[in-house]
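The figures here come from the full heavy-atom set of this structure, side chains too, leaving out hydrogens, waters and symmetry mates. Sequence lines set the chain letters: A, B, ... in the order given, protein chains first and strands last, and positions in each chain run from 1.
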Amino acid sequence: MTKFFALVDCNNFYASCERVFRPDLEGRPVAVLSNNDGCVVARSSEVKALGVAMGVPFFEVRALFQRHGVAVFSSNYELYGDLSARVMAVLARYSPDLEVYSIDEAFLGLDGFERWDLNAHLGELRRTVRRWTGIPVSVGAAPTKTLAKVAAGRAKKTPELGGVLVLDTPAAVAAALALTPVGDVWGIGRRWSKRLEAMGIQTALEFSRQPEARVRKTMGVTGARTLLELRGQPCLGLETQPADRKSCVASRSFAQTVTAFDDVKDAVATFAARAGERLRHGHGSGGAMVAGQVCAFALTDRFAENAPQCHAAATVALETPSNLTVDLTRAALAALRRAYRPGYRYKKAGVMLLDLAPETRAQPTLFAPTVEDRDKAERLQRALDGLNGSARGGGRDLVRLGAAGFGHGGHLRREHRSPRYTTHWSELKRVRA
DNA sequence: TCTGGGGTCCTAGGACCC
DNA sequence: TCTGGGGTCCTAGGACCC
């Protein structure tokens, strides 16, 4: 049985999510901004047609957007996460093997579908996702994951294909590769595509014909893997079980730079609490996790070329791995005290939790508090989570440790956020059919 | 004035040990 | 004047992804 994969890719996902509840925006330009309303992170096709690149700073295109009546949204991850789950639930009906690769992409295993009319099957999948969730998707299918990505990319860029491209013959593969710039290949980023183009390699097809030994030598094993995948030799399998995460970062840029230790401290305490919350909720995988090390960091503004730069960071090991806010905050602040350097204008700070492991019941070390003490601490944490979770009106920071101060971790610009239609009843009003 | 946030993997080089 | 070689572990930095 030969391998076969499909990749389903949501078109302009965040922009499409905003349109689901604003049908009046159909056919009109829509853009979604990053945190802090800093960069453009999603663009409808109309915005792409204006020549706006992914990731450009908002202030550079603000005037252009105004002239063309672009509907601008701050990112609303609660909405996008919920719609993503709905899309994935539909996909699961089309293959027993599903790998949720990111918020807007999934691979399907199609081994054993050889006798099916894949074009018809995937076309129906596409129509069903659209009808049931409102999200338009592109679908590519091929003998390797990298080729499936290429196919989906072609499907998205070629309207005549009707959103689906199946690469099941060497000729079809070669034709798609010839039309794909080498920098668009999954695994070949900005750095490598620049170097390859300088060597005269422009397309994915040209790259696929390079000698393997040479690619392995210059680009390492990952480059060689990409090469073989493009030649139809699968090196990457379907990963249907989400792997346990190894780290967890909570960080933000400040709207204004801060200098005082206490200001950085307030932010770091907030981030420690936020990261701990994620660990207790499973952090993307199965059950709750605990961290063995806590790193706190504070960075100056990398765009302020004339300002003195500083990357302050320190890591502290926990005596006993934990996911409790008290433990993580204490460790994060100890790390910060060690890392902080006065006099710099800090633009961003964060907390990184490392050495993550699944939470297994109490293993107190010789020096750790007694089982009873940890029990008490965990009960307190659950009580805090309960209060914050049930807080109405989006007040998720209702109860916080004193160290987090008041008001920080905020300073976040979000001037264009849409209602959280699907997760907050109070924000669902007058949605047209 | 205004430039995101959250991840993973690979590699090279140093420290250390025998 | 001579001053090995090889294995392992750790870390920092680079590259990639969405």
Side-chain angles (χ1 to χ4, degrees), chain A residues 7-10 12-14 31-42 52-63 65 72-77 80-81 84 99-107 145-146 149 152-153 182-196 216-226 229 235-236 239 242-257 271 274-275 278-279 283-285 293 295 297 299-305 307 311 313 315 347-356 409 411-416:
Chain A
L7 176 74
V8 179
D9 191 351
C10 300
N12 323 320
F13 183 55
Y14 298 167
V32 179
L33 306 179
S34 64
N35 274 313
N36 258 336
D37 292 349
C39 300
V40 176
V41 293
V52 176
M54 174 72 173
V56 297
F58 179 42
F59 70 86
E60 283 179 10
V61 292
R62 191 192 293 266
F65 279 10
V72 174
F73 294 90
S74 302
S75 33
N76 182 350
Y77 291 104
Y80 311 150
S84 172
E99 173 185 342
V100 177
Y101 176 68
S102 73
I103 194 166
D104 67 339
E105 283 176 57
F107 288 101
K145 290 171 105 178
T146 306
K149 285 271 240 179
V182 71
D184 287 0
V185 172
W186 189 38
I188 299 182
R190 239 192 19 251
R191 290 297 211 297
W192 280 117
S193 61
K194 223 178 204 158
R195 282 184 62 179
L196 291 168
R216 183 177 299 272
K217 196 167 166 203
T218 55
M219 298 177 67
V221 297
T222 39
R225 232 170 359 228
T226 299
E229 284 250 318
C235 302
L236 306 170
E239 283 164 36
D244 282 346
R245 298 218 177 280
K246 296 170 180 173
S247 64
C248 173
V249 178
S251 75
R252 283 287 179 279
S253 298
F254 304 125
Q256 275 94 35
T257 55
F271 300 139
R274 190 160 300 164
R278 268 189 235 149
L279 247 48
H283 190 34
S285 40
Q293 297 185 65
C295 168
F297 61 89
L299 316 175
T300 48
D301 185 353
R302 66 199 163 107
F303 295 103
E305 286 171 20
H311 181 147
T315 302
K347 177 67 178 170
K348 177 176 181 171
V351 167
M352 198 179 320
L353 305 181
L354 304 159
D355 257 10
L356 302 191
H411 283 1
L412 198 59
R413 259 195 306 274
R414 273 177 121 196
E415 291 166 7
H416 312 275

- Message: Please give me the minimum heavy-atom distance between A313(A) and C295(A), naming the atom from each residue.
- Response: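 It is CB-SG, 4.5 Å.
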[X] [atom1] to [N] [atom2]: how many Å, rounded?
| X | N | atom1 | atom2 | answer |
| --- | --- | --- | --- | --- |
| F297(A) | dG5(B) | CZ | P | 9 Å |
| R278(A) | dG6(B) | CZ | C1' | 8 Å |
| I188(A) | dC18(C) | CD1 | P | 13 Å |
| Y101(A) | dC17(C) | OH | P | 8 Å |
| F107(A) | dC17(C) | CZ | C1' | 11 Å |
| K348(A) | dG5(B) | NZ | P | 5 Å |
| M54(A) | dG4(B) | CE | C1' | 10 Å |
| W186(A) | dT8(B) | CH2 | P | 15 Å |

Closest listed nucleotide, where the reference is the side chain of [X] and the choices are [options]:
| X | options | answer |
| --- | --- | --- |
| S253(A) | dT8(B), dG4(B), dC2(B) | dG4(B) |
| C39(A) | dC18(C), dG7(B), dT3(B) | dT3(B) |
| R225(A) | dC10(B), dG4(B), dC18(C) | dC10(B) |
| Y77(A) | dC18(C), dG7(B), dG4(B) | dG4(B) |
| C248(A) | dC10(B), dG7(B), dG4(B) | dG7(B) |
| T222(A) | dA15(C), dT8(B), dC10(B) | dC10(B) |
| F59(A) | dC18(C), dC2(B), dG6(B) | dC2(B) |
| F303(A) | dC17(C), dG6(B), dT3(B) | dT3(B) |

- Item | Interatomic distance at P, dC18(C) relative to dT3(B), whole Å |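 Taking atom P in both dC18(C) and dT3(B), they lie 25 Å apart.
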- Can you tell me how far CG of L353(A) sits from CD of Q293(A), rounded to the nearest 0.5 angstrom?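 Here the rounded value is 10.5 Å.
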- Nearest-0.5 Å distance, OG1 of residue T226(A) to CH2 of residue W192(A):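 It comes to 11.5 Å.
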- Whichever of R216(A) and P57(A) has its nearest DNA chain B nucleotide further upstream toward 5':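 Closest to the 5' end, via its nearest nucleotide, is P57(A).
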- Message: Tell me which nucleotide, if any, is Watson-Crick or G-U wobble paired with dC16(C) when both distances must be under 3.5 Å.
- Response: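 Across any shown strand, dC16(C) pairs with dG7(B).
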